[in-house]
Amino acid sequence: MPGVESARTATRRALERAWAQAVDDGRLPALPPESAATAIEVVRPANPDHGDLSTNLALKLARPLRRPPLEIAAALRDSLAASMSEETGSAIADPTVAAPGFLNLRLAPGYVEASIDAATQVGSSFGRVEAQRPQRINVEFVSANPTGPLHIGNARGAFVGDLLCRVLEAAGHDVTREYYFNDAGTQVRNLGESVRRVRLGEPVPEDGYRGEYVSDLAREVPEEIWARAVSDEADGAWVIGVWASERVRAGIESSLGRLGVRFDVWRTETGIEREGWIDRSIERLREGGHVYESERALWFRSTAFGDDKDRVVRRSNGELTYFGKDIGYLEEKFSRGFDRLIYVWGADHHGTVARLRNAAEAMGYGRDAVEVLLVAWVRFVRDGQEISMSKRSGEFITLDELLAEIGADAARWYFAARAHTSGIDFDIELAKRQSNENPVYYVQYAHARISSILRKAQEAGLSPADSVAGRLADDPVALGLAKEILRLPELVEDAATAHETQGVTAYATQLATTFHAFYRDRRVIDPADPGTSGVRLALVDAARLALANTLALLGISAPESM
RNA sequence: GCGCCCGUAGCUCAGUGGAUAGAGCGGAUGGCUUCGGACCAUCAGGUCGCGGGUUCGAAUCCUGCCGGGCGCGCCA
């Protein structure tokens, strides 16, 4: 079901019309053809005296039109005012001009009321928007190799990737969640060898894996696997490694499941290679003249696209590099018809971004179709001391431990509220202590409180009004809450564009605060006045819906009591 | 050395061209015989790392420093 259009989109459209009308009427000169198209920016002013929405269009047009911004703003205002008097249901009202050339606008109460009704009608779809250009998007994230449980380091990618997917879906895109892992390399053998040694009571090799999970695996090796592994003709480390890595992979999948993260596609390196995608991609590059042989290795001419050196695709010993496999995977993904590929990688991989996008360009898919989100690393500290996190050392905090300690909701909020580019010092003791004062509970509390009001109203025989039309305009407190509710679609658009969710958590907090203030100032349940109660119940129910949908967007539960 | 990311309130972080730089936590003070006090209200707290520049307007863009992280392989 389609959602409700954002007030900003409606406003932008009204401004577009007003601008065109002002040019038709001769109030404004036409934009000179040589000047670049001017996008209409509509923002929420920080100061409420500046209206609900504001545009700097007149300031932007001042230079190309060679007119004072205040004059342009006045012309736009007059055109808006004229069109508002002609049509009913206009989104905006009361346009005013402010120095140095802003045009400040208010949302028309009738529009606010109609939008609240619309939100109630679409229910869980409120907050979803239609993309201007819907795309099929592949988001590959986590993609940790199955050599050990997820720790908080690579778990950050799970949070960021999942949030991105949810936001893109809400913004009208078709998203495929993909997990890619290496099921062939030396790491599988290393894991198997580590397990084998532990089982035999021998020391683990220097480059092997340690930690409790290795001991657990050693204990759990099935007899038939073990028998095959110790037979003379078998590659024991490999046999055990294949079994162990699948077991670890399944564990990762269920850890992610506990977090609420599910993948549509699990893809392996051997699958990509076996199906011939790598050969085909190299052939495609060869046809374009983008690869060459040198010193018995095969090179991609990455410098032709601005890289500082060419990159090896196939080593002189015949083995593919990681990059070579990436190229094949690019080919395979695009063959499935995606418009855009997004990779969520650790920031330490930033050096490999350019070559990947260069390869996409060389293959004819366009570099802009490939985006990489670099997620900053998480530094783990305990009592101020950094903990080195590596599966090889065996010392790390797992995702499961994190979820057991602070819960999925608090953990999700923690990562959603921070830019993925900012480094984090994660102190699990501090996180535990702070989990009780995590703002997520503040937001959930508002939701539970409204749910309680609605239950109580039902017991009192009161029910929400079918429509709030004509009933909010004369109450500034109610109108203020309604306007806050209606911001949700904009936040979804912004989050999808920016690939960030901090705005969404900030909005959720703000909406909860606005509701609490409404609750303080307006009695919702009043058996003596069922008419007013009905309107207020409809409004707080819309607030509950907005809170629930916002939390759902973040993958966080919305409890009816707590 | 070169490249990328970061530096904002006591702490953790938002804000990437707009009007008086915000939130949460922590601190101070006050508020329930009425719909959930996991709440509300008020206050204190800032050379936006530093210096130049662009702009009507800079935390935001450019540039030079300072400080921190990461990367620079026929590794993954």
Side-chain angles (χ1 to χ4, degrees), chain A residues 41 43 45-47 49-50 54-56 59-60 62-63 68-70 98-102 104 145 147 182 185-187 269 294-299 307-326 346-354 374-377 379 413-414 417-427 430-431 433-434 436-446 448-457 459-460 462 498 500 502-503 505-507 509-510 512-513 515-517 519-527 533 536-537 540 561-562:
Chain A
E41 288 172 45
V43 299
N47 184 339
D49 292 342
H50 298 145
S54 173
T55 182
N56 60 1
L59 288 157
K60 283 272 159 59
R63 189 184 293 270
L70 285 170
F102 292 106
N104 296 333
N145 282 335
T147 53
N182 181 353
T186 52
Q187 296 183 58
E269 276 186 27
S294 173
E295 297 169 59
R296 305 186 53 221
L298 185 68
W299 297 72
D307 204 345
D308 49 9
K309 53 186 81 160
D310 289 340
R311 306 291 173 176
V312 173
V313 174
R314 185 184 290 132
R315 295 191 262 161
S316 53
N317 67 4
E319 284 178 29
L320 291 158
T321 59
Y322 200 81
F323 174 54
K325 294 173 185 182
D326 279 346
D348 53 338
H349 284 72
H350 70 78
T352 62
V353 173
L374 295 171
V375 179
W377 218 233
R379 245 177 106 246
W413 185 279
Y414 183 90
R418 286 161 173 75
H420 62 77
T421 49
S422 74
I424 291 178
D425 280 0
F426 195 100
D427 186 326
L430 193 66
R433 253 178 281 137
Q434 286 184 344
N436 289 329
E437 51 224 27
N438 192 310
V440 71
Y441 299 119
Y442 175 78
V443 175
Q444 289 181 321
Y445 178 71
R449 205 179 199 186
I450 298 173
S451 301
S452 168
I453 292 170
L454 293 168
R455 281 193 300 270
K456 193 145 286 186
E459 288 165 17
L462 295 167
E500 294 282 10
Q502 308 89 267
T505 53
Y507 166 73
T509 307
Q510 182 59 50
T513 297
F515 161 72
H516 285 307
Y519 174 88
R520 179 194 64 216
D521 294 335
R522 294 291 182 268
R523 177 116 203 139
V524 177
I525 297 175
D526 182 5
S533 290
R536 290 180 180 166
L537 283 166
V540 297
S561 64
M562 54 193 291

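Computation of the quantities below employed the complete heavy-atom set of this structure, encompassing side-chain atoms and omitting hydrogens, waters and symmetry-equivalent molecules.
- Panel note: side chain A:Trp299, backbone A:Ser294; a donor-acceptor pair is recorded below 3.5 Å.
- A gap of 14 Å separates the P atoms of B:U60 and B:G53, to the nearest Å.
- For the P atoms, the distance from B:C4 to B:U63 is 10 Å, rounded to whole Å.
- Atom pair A:His516:NE2 and B:C39:P shows a separation of 7 Å (rounding to whole Å applied).
- Within the nucleic acid shown, A:Ala417 comes within 4.0 Å of sugar-phosphate atoms alone, with no base atom in reach, counting heavy atoms only.
- Using the Watson-Crick or G-U wobble rule with both distances under 3.5 Å, B:C56 pairs with B:G18.
- Atom P of B:C25 sits at a distance of 25 Å from the matching atom of B:U33, rounded to the whole Å.
- What separates CZ of A:Phe515 from C1' of B:C40 is a distance of 12 Å, to the nearest Å.
- What separates CG of A:Asn47 from P of B:A21 is a distance of 11 Å, to the nearest Å.
- B:G1: Watson-Crick or G-U partner is B:C72, with both key distances under 3.5 Å.
- In a base pair of the Watson-Crick type (N1 to N3 plus N6-O4 or O6-N4) or a G-U wobble (N1-O2 and O6-N3), with each distance short of 3.5 Å, B:U47 is matched with no nucleotide.
- B:C72 and B:A58: their P atoms are spaced 40 Å apart (whole Å).
- Put simply, the side chain of A:Asn104 and the base of B:A19 share a donor and an acceptor less than 3.5 Å apart.
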Derivation of the side chain to side chain contact (heavy atoms under 4.5 Å, CB included) call for A:Leu537 and A:Ile453: CA-CA 8 Å; A:Leu537 283 166; A:Ile453 292 170; 4.2 Å; yes
Collect all protein-nucleotide pairs involving nucleotides 59-61 of chain B in which both atoms are nitrogen or oxygen and the distance is under 3.5 Å.
none

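- No donor-acceptor distance shorter than 3.5 angstrom exists from the side chain of A:Ser452 to the backbone of A:Ala448, with no hydrogens or angles considered.
- Other residues, nucleotides and ligands place more than 12 heavy atoms under 6.0 Å from the CZ atom of A:Arg455.
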Derivation and outcome, side chain to side chain contact (heavy atoms under 4.5 Å, CB included), residues A:Tyr322 and A:Thr352: CA-CA 10 Å; A:Tyr322 200 81; A:Thr352 62; over 6 Å; no
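- Taking the nucleotide of RNA chain B with the nearest heavy atom to each of A:Leu59 and A:Ile453, the more 5' of the two is matched to A:Leu59.
- Straight-line distance from the CG atom of A:Leu454 to the C1' atom of B:G36: 13 Å, rounded to whole Å.
- Going from atom OH of A:Tyr507 over to atom P of B:C13 covers 26 Å, rounded to whole Å.
- As rounded to whole Å, 13 Å separates atom C1' of B:G3 from atom CG of A:Leu374.
- Using a 4.0 Å heavy-atom criterion, one finds that A:Tyr445 contacts the bases of the nucleic acid, with or without backbone contacts as well.
- Under the side-chain hydrogen bond (donor to acceptor under 3.5 Å, both in side chains) criterion, A:Arg522 pairs with A:Asp475, sequence neighbours left out.
- One C1' atom belongs to B:U47, the other to B:A59, and the distance between them is 13 Å to the nearest Å.
- Residues A:Trp413 and A:Thr509 form a side-chain contact, since some pair of their non-hydrogen atoms from C-beta on lies under 4.5 Å apart.
- Picking from B:C35, B:A38, B:A14 the nucleotide with the shortest atom distance to the side chain of A:Tyr441 gives B:A38.
- At a threshold of 4.0 angstrom between heavy atoms, the contacts of A:Ser422 are confined to the sugar-phosphate backbone, with no base atom among them.
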Nucleotide-resolved protein contact map, nucleotides 71-76 of chain B, B/S/- at heavy-atom distance under 4.0 Å: SSSBSB
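- By the 4.5 Å heavy-atom criterion applied to side chains, A:Tyr442 and A:Thr513 are counted as neighbours.
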Between protein and nucleic acid, restricted to nucleotides 31-34 of chain B and to nitrogen or oxygen atoms under 3.5 Å apart, what atom pairs and distances do you find?
| residue | atom | partner | partner atom | Å |
| --- | --- | --- | --- | --- |
| B:U34 | O2' | A:Arg523 | NH1 | 3.4 |
| B:U34 | O2' | A:Arg523 | NH2 | 3.4 |
| B:U34 | O2 | A:Arg523 | NH1 | 3.0 |

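- Across every strand in view, B:A41 sits in a pair with B:U29 that passes the Watson-Crick or G-U test at under 3.5 angstrom.
- When each of A:Arg455 and A:Trp377 is assigned the nucleotide of RNA chain B with its nearest heavy atom, A:Arg455 is the one assigned upstream, toward the 5' end.
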Review item, nucleotides 7-9 of chain B N/O atoms under 3.5 Å of protein N/O:
none

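- Among all heavy-atom pairs drawn from A:Met562 and A:Tyr441, the shortest one is CE-O, 3.9 Å.
- Using atom C1' as the reference point in both B:G27 and B:G10, the two lie 9 Å apart (nearest Å).
- Closest non-hydrogen pair, A:Arg314 versus A:Leu320, comes out as NE-CD2, 4.1 Å.
- A:Ala419 and A:Glu500 get closest at one heavy-atom pair: CA-OE1, 3.5 Å.
- For A:Phe102 and B:A19, the CZ to P distance is 7 Å, given to the nearest whole Å.
- The residue A:Ser561 sits close to a base: some heavy atom pair falls under 4.0 Å.
- Only the C1' atoms considered, B:A23 is 40 Å distant from B:A76, to the nearest whole Å.
- Base pairing of B:G24 is made with B:C11, judged by Watson-Crick or G-U wobble geometry with both donor-acceptor distances under 3.5 Å.
- Closest approach of A:Asp526 and A:Ser533 over heavy atoms only: N-OG, 2.9 Å.
- The side chain of A:Ala98 sits closest to B:A19 out of B:C39, B:A19, B:C35.
- As judged by a 4.0 angstrom heavy-atom cut-off over every strand, A:Ala419 is placed among residues touching the sugar-phosphate backbone only.
- Within the 4.0 angstrom heavy-atom criterion, base atoms lie near A:Pro100.
- The minimum heavy-atom distance linking A:Ala446 with A:Ala512 is given by the pair CB-CB, 3.8 Å.
- In this structure, A:Ile424 reaches the sugar-phosphate backbone alone: every heavy-atom distance under 4.0 Å involves primed, P, OP1 or OP2 atoms, never a base.
- Side-chain contact between A:Leu374 and A:Thr421 is absent, with no heavy atoms from C-beta onward closer than 4.5 Å.
- For B:G67, the paired base is B:C6 (Watson-Crick or G-U wobble, both distances below 3.5 Å).
- Looking at residues two or more places apart in sequence or on another chain, you find no ring pair (Phe, Tyr, Trp, His ring centres under 6.0 Å) involving A:His350.
- Comparing B:C48 with B:G7, their P atoms sit 14 Å apart, to the nearest whole Å.
- Of all nucleotides listed (B:A23, B:A14, B:C56), B:A23 comes nearest to the side chain of A:Thr509.
- The closest donor-acceptor contact from the side chain of A:Thr321 to the backbone of A:Val312 lies under 3.5 Å.
- In this structure, A:Asn145 contributes its side chain and A:Thr147 its backbone to no donor-acceptor pair below 3.5 Å.
- Nearest heavy-atom pair across A:Ala376 and A:Ala347 is CA-CB, 4.0 Å.
- A:Glu41 has its CD atom 18 Å from the P atom of B:G57, to the nearest Å.
- Residue contacts for A:Arg536: at a heavy-atom cut-off of 4.0 Å it reaches no nucleic acid atom on any strand shown.
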